[in-house]
S.K.: 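Sending over a structure as structure tokens; questions will come in a sec.
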Amino acid sequence: MKLLNEKSKMGSGSFHIRELDIKTNIPKGLQRNDLNLPELSEVETVRHYTNLSRSNFGVDNGFYPLGSCTMKYNPRINEVVAKLPEFNIHPLSKNHKGALQIIYELEKYLCEITGMHAFSTQPAAGAHGELTGTMIMKAYLRKRGEERTTVIIPDSAHGTNPSSVSLCGFRPVQVKSSTSGGIDLDDLRQKMNTSVAGIMITNPNTLGIFDDNILEITKIVHACGGLCYLDGANMNPMLGIVKPADFGIDIMHLNLHKTFSTPHGGGGPGAGPVGVIKELEMFLPNPRVNEKLEFVQTEESIGRIHSFYGNFGILLRAYSYIRAIGPVGLRKVAENAVLNANYMKEKLKKHYHLRYDRICQHEFVIDDSLMPNNVTTNDIAKRIIDFDFHPPTIYFPLIIQGAMMIEPTETETKENLDAFIETMIRIVDEAKNEPQKLKKAPFNTPIGRLDLVRAARKSQLTWCSPET
Ligand SMILES: *Cc1c(COP(=O)(O)O)cnc(C)c1O
């Protein structure tokens, strides 16, 4: 597809800006006479963007089983609510009590869902929540007069976990996974000492496994004076079933843009609210909204971590989602997410290697170790695109070589699940009989197989005029 600049024809523009008579202090030498913008007629511009949007793939086009990302359907009612003119208000407006009430109530719902005592909706993403939570850990330790330097993180963790912890000045220490896919308790015990500020754990973890020993894990960390942080991006299978506070979690974030069905991808916007137990409430970011819908501040707070009160549009969508489906609906979400993942896992494990063959939560991980003719996970992922599905998350978690992490979500029909399963089985057949085909896939896309190494090392993301 040609770029706007390549389609441009001088003089064909739809609008012309008259010569302006604005006075400016910018020195003559720094002023521009020409912006070199592409020129296209209105209809060509509309067609360009419409065709561009059709080249994209999203949850609204088809099945998107991207593990750990919870690419579920985003109900349109959320968009209707987010567009209401009453919510189109400036944060400095005095007329924002309604918006504050939404924030206040949403925080209360998140408390009810997770069992935490208080939430802040300021953080703008999961990773931002992790940083906020780690800052709270630090503030808590400082108040106790303790200097602790490390945070324990399992080897199956999302890459943002060690990054957030490092950004906050802690050293991440890795703990091994056990043969059953949870945390290796002996390794954890060995790594615990008084320099450990706490643990950052994902449960269910990135293998889709709920840790059988979670109570023991949080007990071990607490016994050493550490705090337990939960990366709650994988809350989908726990809604209405288990509250993280009940298994010993002190701080956690949620990804509203995953679990609570607000659109995501391409870098945002998102929302990663952080919840804490009562003892840590005073450290939450300033300001907070109280029950009288006034702003309150605490002296012990880690301070502001986002302008105003977070990404309000995302909070509104999550609020709408929770109100629309209610507590019974939330529990159904979890049940069906788990059911769909286990259905698919049972069907696919006859054809693909499944390292941890046990009941999974919302996702599971298969790999390419049984593939004949050197067919790899990358080949499989590329071929999946030809069948109008988005490939699963690949080569993650790092502890499984050639991982394919599949999260079907609760919003898919059985027909869709079956169609994907059939495709995956067909690809195994192709791997046996026509491996060359898999090496060259995809065939039905505007651009075929990319050289991934070159794309990463020598990426060119801007357009350069052929004349320059
Ligand atoms: C998505 C995800 C994150 C990061 O969330 P962002 O909103 O992308 O910053 C962290 N941990 C897990 C397990 C995730 O799935």
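In what follows, every heavy atom counts, from backbone to side chain, and hydrogens, waters and symmetry copies are set aside. Numbering of ligands and ligand atoms starts at 1, following listing order.
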S.K.: For atom 15 (O) of ligand 1, is some protein heavy-atom partner under 4.0 Å away?
M.R.: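 Given the 4.0 Å limit, the answer for atom 15 (O) of ligand 1 is yes, a protein heavy atom qualifies.
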S.K.: Looking at atom 6 (P) of ligand 1, what's its closest protein heavy atom, distance included?
M.R.: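 Looking at atom 6 (P) of ligand 1, the protein heavy atom closest to it is G126 N, 3.4 Å.
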S.K.: Kindly check if the number of other-residue, nucleotide or ligand heavy atoms within 6.0 Å of CZ (R189) is above 12?
M.R.: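 Counting other residues, nucleotides and ligands, CZ of R189 exceeds 12 neighbours.
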S.K.: Side chains of M116 and L110: does their closest heavy-atom pair fall under 4.5 Å?
M.R.: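 The answer is no; the side chains never approach within 4.5 Å.
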S.K.: Can you pull out the closest protein heavy atom to atom 11 (N) of ligand 1? Residue, atom name and distance to 0.1 Å, please.
M.R.: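 Looking only at protein heavy atoms, the one closest to atom 11 (N) of ligand 1 is D231 OD2, 2.5 Å.
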S.K.: Would you confirm whether the ring centroid of F247 sits within less than 6.0 angstrom of the ring centroid of F210?
M.R.: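 Yes - the distance between ring centres of F210 and F247 falls below the 6.0 Å cut-off.
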S.K.: Hey, which atoms in ligand 1 end up nearer than 4.0 Å to a heavy atom of H257?
M.R.: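 Listed by number with element: 7 (O).
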S.K.: Can you tell me the protein heavy atom closest to atom 9 (O) of ligand 1 and the distance?
M.R.: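 Of every protein heavy atom, A127 N, 2.8 Å lies nearest to atom 9 (O) of ligand 1.
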S.K.: Counting each atom of ligand 1 from 1 as listed, which ones have a heavy atom of N255 under 4.0 Å away?
M.R.: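 This gives 1 (C), 5 (O), 6 (P), 7 (O) as the contact atoms.
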S.K.: List ligand 1 atoms under 4.0 Å from A125, heavy atoms only on the residue side.
M.R.: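 Reading through ligand 1 atom by atom, the close ones are 7 (O), 9 (O).
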S.K.: Just to verify, which of T259, I241, L239, N236 counts as forming a side-chain contact (heavy atoms from CB on, under 4.5 Å) with L330?
M.R.: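 Testing L330 for a side-chain contact (heavy atoms from CB on, under 4.5 Å) against T259, I241, L239, N236 leaves exactly one candidate, L239.
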S.K.: For ligand 1, indicate whether the residue A233 contacts it via side chain, backbone, both or neither (heavy-atom separation under 4.0 Å).
M.R.: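 It is the side chain that gets close, since no backbone atom is under 4.0 Å.
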S.K.: List the closest protein heavy-atom neighbour of atom 2 (C) of ligand 1: residue, atom name, distance to the nearest 0.1 Å.
M.R.: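 So the nearest neighbour among protein heavy atoms is K258 NZ, 2.4 Å.
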S.K.: With heavy atoms of E130 as the reference, note each atom of ligand 1 found under 4.0 Å away.
M.R.: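 Near E130, meaning under 4.0 Å from one of its heavy atoms, ligand 1 has 10 (C), 11 (N).
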S.K.: When you compare the side chains of N193 and S195, does any donor N or O come within less than 3.5 Å of an acceptor on the partner?
M.R.: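 The answer is yes; a qualifying pair exists.
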S.K.: Could you tell me whether S68 and ligand 1 have an N or O pair separated by under 3.5 Å?
M.R.: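 N/O-N/O distance under 3.5 Å: yes.
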S.K.: Are K191 and D184 within salt-bridge range, i.e. N to O under 4.0 Å?
M.R.: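 Salt bridge between K191 and D184, a charged N being under 4.0 Å from a carboxylate O: no.
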S.K.: Is there a donor-acceptor pair closer than 3.5 Å between any side-chain N or O of N342 and the backbone N or O of V338?
M.R.: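 Yes, because the side chain of N342 sits within donor-acceptor range (under 3.5 Å) of the backbone of V338.
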S.K.: Salt bridge between D212 and R358, side-chain N to carboxylate O under 4.0 Å?
M.R.: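 Answer for the salt bridge query: yes.
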